[in-house]
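To start, the structure under review is shown below, and the notes come after it.
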Amino acid sequence: MCGVVGMVASGPVNQTLYDSLTALQHRGQDAAGIMTDDNGRMYLRKALGLVRDVFDTRHMLRLKGNMGIGHVRYPTQGSYSENEAQPLFVNSPYGIALVHNGNLTNAEVLKKQLFTEDLRHLNTDSDSEIILNIFAHELQKLKKLQPKANDFFDAVAGVYKRCRGAYAVVAMVAGYGLVAFRDPNGIRPLIIGHKSETGEWMVASESVALTSLGFKIFRDIQAGEAIYISLDGQLSHHQIIEKPIHAPCLFEYVYFARPDSIIDKISVYKLRLNIGKRLGKKILNQWPNHEIDVVIPIPETSRSSALELASAMKVKFREGFVKNRYIGRTFIMPGQQFRKKSVRQKLNPMELEFRGKNILLVDDSIVRGTTSKEIIQMVREVGANKVYFASTSPPVKFPNIYGIDMPSKTDLIANKGAVKEIADFIGADDLIYLDLDDLKAAAQDGNPDITHFEASVFDGEYVTGDEEDYLKAVAGRHE
């Protein structure tokens, strides 16, 4: 899962792009990059690390121009090297830079086609470079010296014909403008913002990158739709896929997105309140004689859900953990050892809230189980009497193939036994999950027009229908 942004303005965009990436830092902590266009000359800065560490004053001064794109990376496919950092660039045709969030499911086939049929060289293992080269190849075929909006849309149509999977893309064409498009299922989010007083446009992964910088939300880019913003600020759009099946990823709402974001007209905050209320009712039905004294969220994502859950149960809500905000999100850290080590560095339980009490811990999800186990052990060490555990998402049982680092079913604790066995493994006295129907209903409460959701990590139903070949390819790479 990554964060992408693109901007066209009448003045310098470097600082605004930097600020927007800091607003999207939660989507990727591995690498960051910005590329700008100044009258057809492109300037790039990217490196491993957080946004604040990648850019300093000398880099910002070099990022000249009134158009630019940016990226924060969460590594899935590819290595953890600086070569995989984005934006990526090709010089022909015109000069194209690109940032991408998502994952291609037919990347191996496309790599071979690009070399044997299109005669294009790939220099990384990133599927973002595949999309970049296919887009460039489709534009090259048009042989237009002065391409217009419809030419860019024709090139995107060529991308749709070849690329499968999840992708939210922002591309910058030197001297012309920005092209942004979203996969035919709209799995990964992409939204447009506008400043009418200045004529500036911004495209970003989440609305918070827009609203925190004074942009008004214009609308979401639709599934299978492309937009083009010219250097003079003219917006064009085209619905390329005529009858898309819009299926946004539910895990975005559960975990990745910031609560102050709105994705596909669904307030992330309201959805999390809603699922907390629904889970609270389930707990009362399933554990009518519970002995829970206090509900405590595991920061940060589950806080709003836990607050509403406690209200539904008529049980006290308390903040029991102090979070070190200088430690990154453990779920998106590369490697299990990094994740496990960082749990105790990130969270410190306050003994006052735990000693002698029956605690209900609330977290957004249980994936591998090791983080939950570590936290429960910490809570017992400071004197908790009984420790119950609630997940505001359903059991995560299946690998994700659309850009979330869940490559193998064997890594997922939900596949290692019944709920009671999972509770025993993580050290909880009992465990409860949100039902998938409740999660979908909470999302539809936010936007009734969306009838499908990408929920494959919960139900094993992949909207692109090509998971078998992809999972075989992944398994082969890890043998």
Side-chain angles (χ1 to χ4, degrees), residues 1-28 32 34-37 51 63 65-72 87 97-102 149 152 167-173 176-183 186 188-223 225-239 246 248 252-253 256-270 446-447:
M1 196 71 61
C2 302
V4 300
V5 64
M7 183 178 176
V8 175
S10 56
V13 297
N14 52 355
Q15 187 62 51
T16 306
L17 287 172
Y18 175 95
D19 293 338
S20 66
L21 289 183
T22 61
L24 297 174
Q25 185 74 85
H26 61 286
R27 298 187 65 87
I34 291 175
M35 197 167 197
T36 58
D37 174 280
V51 174
L63 292 170
N66 299 349
M67 176 173 66
I69 58 177
H71 188 266
V72 286
L98 179 143
V99 290
H100 158 236
N101 171 34
F152 294 117
Y167 45 93
V169 174
V170 185
M172 179 170 65
V173 184
Y176 290 96
L178 289 182
V179 181
F181 53 96
R182 198 172 173 192
D183 67 75
R188 294 287 157 246
L190 203 57
I191 190 168
I192 317 168
H194 187 232
K195 284 186 178 179
S196 56
E197 64 276 16
T198 60
E200 297 175 345
W201 290 96
M202 181 183 286
V203 182
S205 292
E206 290 184 33
S207 63
V208 66
L210 311 175
T211 56
S212 65
L213 295 171
F215 286 80
K216 299 293 185 183
I217 294 175
F218 185 70
R219 65 175 176 84
D220 295 281
I221 295 178
Q222 300 303 303
E225 182 190 28
I227 67 157
Y228 172 66
I229 306 171
S230 62
L231 277 175
D232 60 358
Q234 297 300 307
L235 173 70
S236 305
H237 62 93
H238 182 50
Q239 184 65 45
H246 189 191
E252 287 273 359
Y253 300 100
F256 276 101
R258 269 179 49 163
D260 46 346
S261 282
I262 298 173
I263 297 176
D264 289 315
K265 298 181 181 179
I266 299 172
S267 164
V268 176
Y269 176 68
K270 281 189 175 181
N447 185 353

**Message:** For V13, is there any backbone N or O sitting under 3.5 Å from a side-chain donor or acceptor partner on Q15?
**Reply:** no
**Asked** Testing R188, H71, R27 for side chain to side chain contact (heavy atoms under 4.5 Å, CB included) with C2, which one passes?
**Response** H71
**Complete:** In short, E252 meets P189 closest at the heavy-atom pair OE2-CD, 3.2 Å
**Asked** When you measure from the side chain of S205 to the backbone N and O of V4, does any donor-acceptor pair fall under 3.5 Å?
**Response** yes
**Request:** Check whether more than 12 heavy atoms from other residues, nucleotides or ligands sit under 6.0 Å from atom NZ of K265, and answer yes or no.
**Result:** no
**Prompt:** Is a side-chain N or O of N101 found less than 3.5 angstrom from the main chain of A168, in a donor-acceptor match?
**Reply:** no
**Asked** Just by distance, do the side chain of E225 and the backbone of H237 share a donor-acceptor pair under 3.5 Å?
**Response** no
**Request:** Spell out, as yes or no, whether a donor-acceptor pair under 3.5 Å connects the side chain of T36 to the backbone of G65.
**Result:** no
**Message:** Tell me the closest heavy-atom pair linking V203 and I229, and the distance in Å.
**Reply:** CG2-CD1, 4.1 Å
**Fill in**
From the list L235, I227, L178, L210, side chain to side chain contact (heavy atoms under 4.5 Å, CB included) partner of W201 resolves to L235
**Item:** Main-chain N/O of A223 paired to Q239 side chain as donor or acceptor, under 3.5 Å
**Value:** yes
**Request:** May I ask you to decide if L213's main-chain N or O and K195's side chain share a donor-acceptor pair within less than 3.5 Å?
**Result:** yes
**Request:** Look at the side chain of R182 and the backbone N and O of I221, then say whether any donor-acceptor pair between them is shorter than 3.5 Å.
**Result:** yes
